Structures are given as C-alpha cells and as structure tokens.
Amino acid sequence: MIRWWISSFQLAELFISSVVHLLYGFYVYSTAVAADLSQALSECVFKSNVSLEVKKQDPSKSTVDDLPPIVLVHGIFGFGKGKFGSFSYFGGAEKKDERVLVPDLGSLTSIYDRARELFYYLKGGRVDYGERHSKTCGHSRFGRIYEQGHYPQWDEDHPIHFVGHSAGAQVVRVLQQMLADKAFEGYENTSENWVLSITALSGAFNGTTRTYLDGMLPEDGQNMKPLCLLQLCRLGVIIYDWLDIPLLKAYYNFGFDHFNLSWRKAGLWGLVDCLLGNAGPWATGDWILPDLTIQGSIKLNSNLQTFPNSFYFSYATKRTRKILGVTVPSGILGIHPMLFMRVLQMSLYRYPTDVPPPYKGYRYTLTSSCCLKLIALLKALI
C-alpha cells in the first residue's frame with residue numbers, strides 16, 4: 001500500500017513538473033514570437049525619418065577595435081544572437097557593444113561538442129568534432145559552416161575575454177584546454193594564451209544535483225531513470241529534430257544536427273531507433289546532462305588545467321535561505337511563478353543516503369533529524 005502511494009505521488013509530481021516546464025517553454029516561445037511580430041508591425045506602420053549625423057573621430061584616441069572582444073557563452077537550453085527573435089539570453093549585452101559576441105551553441109549538446117563549435121564560430125570554417133570522437137559517439141565528424149569567423153584574427157597576440165553562464169563556463173575551460181593541447185586539426189599554433197580571461201556566472205564547474213532531480217541516476221551519473229522529466233524531454237527533442245521544420249529550427253535549435261536526426265536522413269526506422277534509445281546522443285551519452293552530474297564533472301575536471309597567463313573569476317549566486325533548519329527559496333519575487341515549485345524541490349533535494357557517494361568525502365546533509373526518522377520509517381514500512 002505504501003509503495004502504491006509513493007508511486008502515485010511520484011507520477012503526480014512528474015505530471016505537474018512536465019506540464020509546468022512545457023507551459024513555461026511555450027510561454028517563452030510565444031512571447032518571443034509576439035515581440036518579433038509587434039516590432040515588425042511597428043517598423044512597417046510607424047516609419048520615422050531619422051537624420052544621421054556623421055561625427056569625425058579623433059584618430060589619436062583608442063577605438064573599440066583596439067579592445068579584445070568579450071564572448072558570452074550561454075548555458076543549458078540557452079541560445080545565442082539571432083535565435084529567439086529579439087530575445088536576448090544575456091539581457092541585451094550584445095546590443096550595447098559590437099565587440100560583445102554571443103555565439104549560438106547547441107543548447108543540449110555535450111560540453112565537448114560545444115567547445116568545438118565555439119572555436120569555429122570565432123575562427124571560421126566548418127566545425128570539426130574530431131574523427132575519433134565522432135566515431136565513438138556515433139555522429140558526423142563535421143557540422144555547420146561559418147563562412148566568416150566572428151573573430152578570425154584570434155591568436156596569442158589577439159586573445160579574448162570569455163564569460164560563461166552555468167554550463168557555458170565549463171565549455172570555455174574545455175576550449176582553453178583544447179587550445180593548449182593543439183586539438184584542432186590545421187591549427188598547430190594554438191595555445192592556452194589565446195584566452196585572456198574566463199569569468200564564470202554561476203558556473204557549474206563541479207556539477208549540479210539538479211540533474212538527479214530531473215532524472216539522472218545518482219548511482220553512475222550517466223544513465224536516466226526509466227520514467228522521469230528528462231525522458232519526456234528526450235522524446236520531445238527527438239520528435240522536434242525529426243520533424244525538422246525549417247521555421248522552427250531557425251528560431252530555436254537544440255544543436256543535434258550532426259546526429260542526423262531529421263526525417264530526411266534518419267527515416268522512420270531512425271526515429272524508432274532514437275525513441276527506443278538505440279541511436280542518437282542519448283545512446284552514447286554525448287549530450288550535456290551527463291557532463292553536468294557530479295560524476296561527469298569530476299571526469300571533465302580531471303583533464304583540465306588552469307594557466308598562469310589567464311585571469312579566472314567566478315561569481316556565485318544564492319537564492320535560498322534556511323528557516324528552522326530547512327532550506328527554502330529566499331523569496332518569490334525574483335522567481336517566475338511557474339518555476340517556483342521546481343525551485344522549492346531543488347532547495348529540499350538531498351543526495352540519496354542509500355547510494356554510494358559520488359566521490360570520497362562527500363557529505364550527506366539533511367534538513368533536520370526529523371528527515372532521518374522519516375527515512376528510517378519509510379524503509380521499515382517498505
């Protein structure tokens with residue numbers, strides 16, 4: 001009886017979470033479309049005569065071209081300039097200065113794949129994921145083509161400032177390591193000194209327990225639970241990419257084009273294989289969620305270095321506080337109402353005590369002694 005009640009509660013929670021996330025995604029998408037339509041209509045109806053005044057610039061003064069660019073790298077489910085219409089992931093920063101670049105990387109692709117895409121976004125050319133990696137992960141070696149790099153002069157004499165949000169911070173660190181390892185074929189002169197600084201905004205350097213809350217298995221950090229929010233997300237992404245509707249893909253792309261999930265290449269049986277988990281990024285683990293688990297982050301960090309000629313900054317954020325020993329959101333005004341329930345769940349989540357810790361010395365923390373008694377009671381009843 002207890003098992004039945006627990007299963008019912010878990011299914012109800014999954015249903016509510018999936019509906020909330022779906023509605024929130026639709027809300028963002030429709031808001032972006034509405035804003036674009038409104039802007040286009042306004043430009044057509046209310047055309048104003050704007051007189052342009054050309055000012056001569058003193059050549060003795062430094063120009064913006066003398067400054068290194070700042071590249072803003074988005075996190076999971078993020079998007080770059082040119083996607084989502086007039087929406088901006090970084091609050092319009094790229095609209096204030098032409099030297100601020102916001103690349104559009106795969107929103108769900110792996111940290112490795114995104115680092116490769118970022119390199120070619122800046123230097124130009126066709127994205128090369130590497131022969132060995134591509135064969136291992138079951139996707140095409142080459143991706144999108146950048147006819148003109150956004151900063152083709154990028155080298156040790158023209159380094160770049162990078163700012164990464166959430167998973168984007170880890171992408172930049174992996175990219176710098178690739179530069180140091182000279183991992184890009186045809187670019188034997190790369191070095192870690194191409195990176196002037198790395199600034200992390202809530203950088204997920206050590207992973208996040210949110211991945212387990214959404215469905216990653218704490219036991220290994222690689223596989224998903226049979227029924228969870230991430231499984232529903234996987235099905236939605238597969239169908240979205242398989243349908244391959246140009247208008248939708250131009251507006252938002254999950255970044256899995258190199259896996260050839262489109263109906264034009266995969267066909268009907270390819271769709272079935274992906275849905276069953278036999279093909280695609282979920283079959284090989286070449287997507288972002290495994291990288292964001294604690295185990296995945298440990299694996300990534302084991303191959304990364306910090307370099308003496310680069311500046312590193314990390315800014316942490318906190319939106320929780322403790323009340324009577326229980327961690328809760330610090331307020332509802334700064335959290336979207338549709339996501340408040342998920343934020344509360346994240347605040348209360350604790351790594352399962354019956355699962356081996358992700359690393360030696362990991363501390364299991366509980367909200368209070370009552371939680372220990374509750375867990376013991378549930379185990380006894382089950």
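If you're wondering where the values come from, they're calculated on a predicted model, not measured in any experiment.
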| Test: D128 and R141 ion pair at under 4.0 Å | yes

| Knowing that exactly one of Y120, F184, W194, Y121 qualifies, which makes a ring-ring contact (aromatic ring centres under 6.0 Å, His included) with W154? | W194

| query | Hey, would you say the Y252 and F254 ring centroids sit under 6.0 Å apart? | reply | yes

| said: When you measure from the side chain of E192 to the backbone of M178, do you find a donor-acceptor pair of N or O atoms at a distance under 3.5 Å? | reply: no

| query | At their closest point, which heavy atom of D104 faces which heavy atom of F79, and how far apart are they? | reply | OD1-CA, 3.5 Å

| message | Checking side-chain polar atoms at under 3.5 Å, does N206 have a donor or acceptor matched by the opposite partner on S297? | response | no

| message | Could you tell me if the side chain of K83 sits less than 4.5 Å from the side chain of Y89, heavy atoms only? | response | no

| Donor-acceptor pair between Q176 and Y312 side chains, under 3.5 angstrom | yes

| field | Donor-acceptor pair between S202 and T317 side chains, under 3.5 angstrom | value | yes

| said: Heavy-atom count check: over 12 atoms from other residues, nucleotides or ligands less than 6.0 Å from Q153 CD? | reply: yes

| said: Please check: side-chain N/O of Y112 versus main-chain N/O of H133, any donor-acceptor pairing under 3.5 Å? | reply: no

| task | Kindly determine whether N253 and S107 satisfy side-chain hydrogen bond (donor to acceptor under 3.5 Å, both in side chains), including the steps that lead there. | result | CA-CA 7 Å; N253 195 338; S107 63; over 6 Å; no

| message | Under a 4.0 Å threshold between the charged nitrogen and the carboxylate oxygen, would E147 count as salt-bridged to R126? | response | no

| query | Can you name the salt bridge (charged side-chain N to carboxylate O under 4.0 Å, His left out) partners of D241, sequence neighbours left out? | reply | none

| remark: Between L292 and T211, the two heavy atoms sitting closest are O-CG2, 3.6 Å

| Within the distance-only criterion (no hydrogens, no angle test), does the side chain of H165 pair as donor or acceptor with the backbone N or O of A200 below 3.5 angstrom? | no

| Is a side-chain donor-acceptor pair under 3.5 Å present for H161 with S197? | yes

| field | Main-chain N/O of F307 paired with S310 side-chain donor or acceptor, under 3.5 Å | value | no

| said: Please determine whether the number of non-hydrogen atoms from other residues, nucleotides or ligands lying under 6.0 Å from atom CZ of R264 exceeds 12. | reply: yes

| Do F142 and Y129 have ring centres separated by under 6.0 Å? | no

| Is the gap between the ring centers of F256 and H139 under 6.0 Å? | no

| Relative to the ring of F87, is the ring of F84 parallel (under 30°), tilted (30 to 60°) or perpendicular (over 60°)? | tilted

| Should we count NZ of K299 as having more than 12 external heavy atoms under 6.0 Å? | no

| field | Residues, nucleotides or ligands: over 12 heavy atoms within 6.0 Å of K265 NZ | value | no

| field | Steps toward side-chain contact (heavy atoms from CB on, under 4.5 Å) verdict (W242, I239) | value | CA-CA 5 Å; W242 187 82; I239 294 174; 5.6 Å; no

| Is a side-chain donor-acceptor pair under 3.5 Å present for N301 with Q170? | yes

| field | Non-hydrogen atoms of C228 and M224 that approach each other most closely | value | SG-CB, 4.4 Å

| remark: Interatomic distance, CD1@I70 vs CZ@F90, rounded to 0.5 Å, equals 11.5 Å

| salt bridge (charged side-chain N to carboxylate O under 4.0 Å, His left out) with R210: which residues, sequence neighbours excluded? | D214

| said: If I compare all heavy atoms of R173 with all of T306, which pair ends up nearest, and what's the gap? | reply: NH2-CG2, 3.6 Å

